[in-house]
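Working notes for the structure below.
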Amino acid sequence: MTNTDYMREALREAQKAYKLGEVPIGAIVVRKGEIISRAYNRRETGKNALLHAETEAIYKACEKLGGWRLWECELYVTLEPCPMCAGAIVNARIPKVYFGAYDDKNGACGSGVDLMNMENNFRPEVTGGILEDECSKIIKDFFREMRNKLSKN
């Protein structure tokens, strides 16, 4: 599979979040070409600020592999990780991160801040903009729909 194929899988996860009324962000963890975990945002349904797609995918990958170091893994996520998720990525030692849409406001991989290149820290290789238009569109569509619902009430 290609990076585009993996990002399409992350987009499938984002679609699940959308259907639940969650901000549609999806993530997958890949190890040696195999998808080992999938997740999507669940902050509203789980009533927990920690339930971002990335942290859920990392948690599931750690459980599956039996350890916290994900040094043989890659993370694919539809939106540039926030500071919390960037910290989880660094702490899990994930060497490669791929994301779709850039997040100028909250992105922590170079857009808002760059937590992936801090001195004296693990530094993942980060590639952004994979299926950027599709990843951006699902989020924009979600918020447009939410605004329309609010304006009708």
Side-chain angles (χ1 to χ4, degrees), residues 1-46 50-118 121-145:
M1 289 178 71
T2 66
N3 289 342
T4 302
D5 295 328
Y6 288 126
M7 191 59 71
R8 286 194 199 293
E9 292 296 320
L11 273 165
R12 284 185 185 90
E13 295 301 306
Q15 192 62 250
K16 294 175 185 177
Y18 195 117
K19 289 176 182 173
L20 290 174
E22 296 276 359
V23 176
I25 300 169
I28 63 168
V29 174
V30 176
R31 179 176 176 246
K32 298 179 181 178
E34 176 189 354
I35 298 171
I36 61 166
S37 69
R38 300 169 177 270
Y40 50 88
N41 270 11
R42 294 186 320 108
R43 289 187 304 173
E44 298 299 331
T45 54
L50 302 176
L51 298 180
H52 287 209
E54 300 96 319
T55 55
E56 286 280 283
I58 289 168
Y59 182 85
K60 290 176 181 180
C62 290
E63 277 192 323
K64 183 167 186 171
L65 297 176
W68 63 270
R69 290 178 189 90
L70 301 179
W71 60 275
E72 293 181 310
C73 297
E74 300 171 342
L75 176 75
Y76 291 81
V77 60
T78 56
L79 182 67
E80 180 178 359
C82 71
M84 176 182 73
C85 294
I89 292 163
V90 168
N91 283 309
R93 307 295 195 266
I94 298 172
K96 293 185 180 182
V97 177
Y98 302 93
F99 68 85
Y102 289 85
D103 186 351
D104 295 333
K105 190 167 94 176
N106 295 309
C109 297
S111 292
V113 296
D114 192 355
L115 297 181
M116 299 298 192
N117 283 304
M118 293 175 56
N121 209 354
F122 180 80
R123 295 181 185 175
E125 179 184 320
V126 178
T127 304
I130 298 171
L131 296 179
E132 182 176 5
D133 291 340
E134 293 93 325
C135 292
S136 181
K137 183 180 183 318
I138 192 172
I139 293 169
K140 287 177 183 176
D141 290 350
F142 173 80
F143 283 111
R144 183 173 30 259
E145 185 179 308

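None of these values were measured; they are calculated from a predicted model.
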Looking at [Y], is its backbone amide N or carbonyl O close enough to the side chain of [X] to form a donor-acceptor pair, meaning the two atoms are under 3.5 Å apart?
X: Glu56; Y: Tyr40; value: no
X: Asp141; Y: Ile138; value: no
X: Glu22; Y: Glu44; value: yes
X: Thr78; Y: Gly100; value: no
X: Tyr6; Y: Gly33; value: yes
X: Asn41; Y: Ala53; value: yes
X: Arg123; Y: Met118; value: yes

Would you give the length of the straight line joining atom [atom1] of [X] to atom [atom2] of [Y], rounded to the nearest 0.5 angstrom?
X: Asn3; Y: Ile130; atom1: CG; atom2: CD1; answer: 4.5 Å
X: Cys73; Y: Ile58; atom1: SG; atom2: CD1; answer: 9.5 Å
X: Glu74; Y: Ile36; atom1: CD; atom2: CD1; answer: 10.5 Å
X: Asn106; Y: Met84; atom1: CG; atom2: CE; answer: 11.0 Å
X: Glu134; Y: Thr4; atom1: CD; atom2: OG1; answer: 9.0 Å
X: Glu125; Y: Tyr98; atom1: CD; atom2: OH; answer: 5.5 Å

Mind checking whether [X] and [Y] have side chains closer than 4.5 Å, heavy atoms only?
X: Lys64; Y: Ser37; value: no
X: Leu75; Y: Glu54; value: yes
X: Ile139; Y: Leu79; value: yes

Shortest non-hydrogen separation from [X] to [Y] and the atoms involved:
X: Leu70; Y: Leu65; value: CD2-CD1, 3.7 Å
X: Glu80; Y: Gly110; value: OE2-N, 3.4 Å
X: Ile28; Y: Arg38; value: CG2-CG, 4.0 Å
X: Met116; Y: Val97; value: CE-CG2, 4.5 Å
X: Ala57; Y: Ala27; value: CB-CB, 4.1 Å
X: Pro124; Y: Ile94; value: CB-O, 3.3 Å

Please evaluate residues Leu115 and Val90 with respect to the criterion side chain to side chain contact (heavy atoms under 4.5 Å, CB included), reporting the C-alpha separation (whole Å), side-chain torsions for both, the decisive distance (0.1 Å), and the verdict. CA-CA 8 Å; Leu115 297 181; Val90 168; 5.7 Å; no

More than 12 foreign heavy atoms under 6.0 Å from CH2 of Trp68: is that the case here? yes

Report, as yes or no, whether the 6.0 Å neighbourhood of atom CE on Met1 holds more than 12 heavy atoms from other residues, nucleotides or ligands. yes

N-O pairing of Lys16 and Glu13 below 4.0 Å: yes

Working note: Glu9 + Arg12, criterion salt bridge (Lys or Arg N to Asp or Glu O under 4.0 Å); need CA distance, chi angles, decisive distance, verdict. CA-CA 5 Å; Glu9 292 296 320; Arg12 284 185 185 90; 2.6 Å; yes

Run the numbers on Arg8 and Leu131 for side chain to side chain contact (heavy atoms under 4.5 Å, CB included), then give the verdict. CA-CA 8 Å; Arg8 286 194 199 293; Leu131 296 179; 3.6 Å; yes

Donor-acceptor pair between Ser136 and Asp133 side chains, under 3.5 angstrom: no

Identify, with sequence neighbours excluded, every residue that meets ring pair (Phe, Tyr, Trp, His ring centres under 6.0 Å) alongside Phe99. Tyr102

Sequence neighbours excluded, the answer for ring pair (Phe, Tyr, Trp, His ring centres under 6.0 Å) partners of Tyr18 is Phe142

Suppose we screen for salt bridge (Lys or Arg N to Asp or Glu O under 4.0 Å). Which residues come up paired with Arg31, at least two apart in sequence or across chains? Glu72

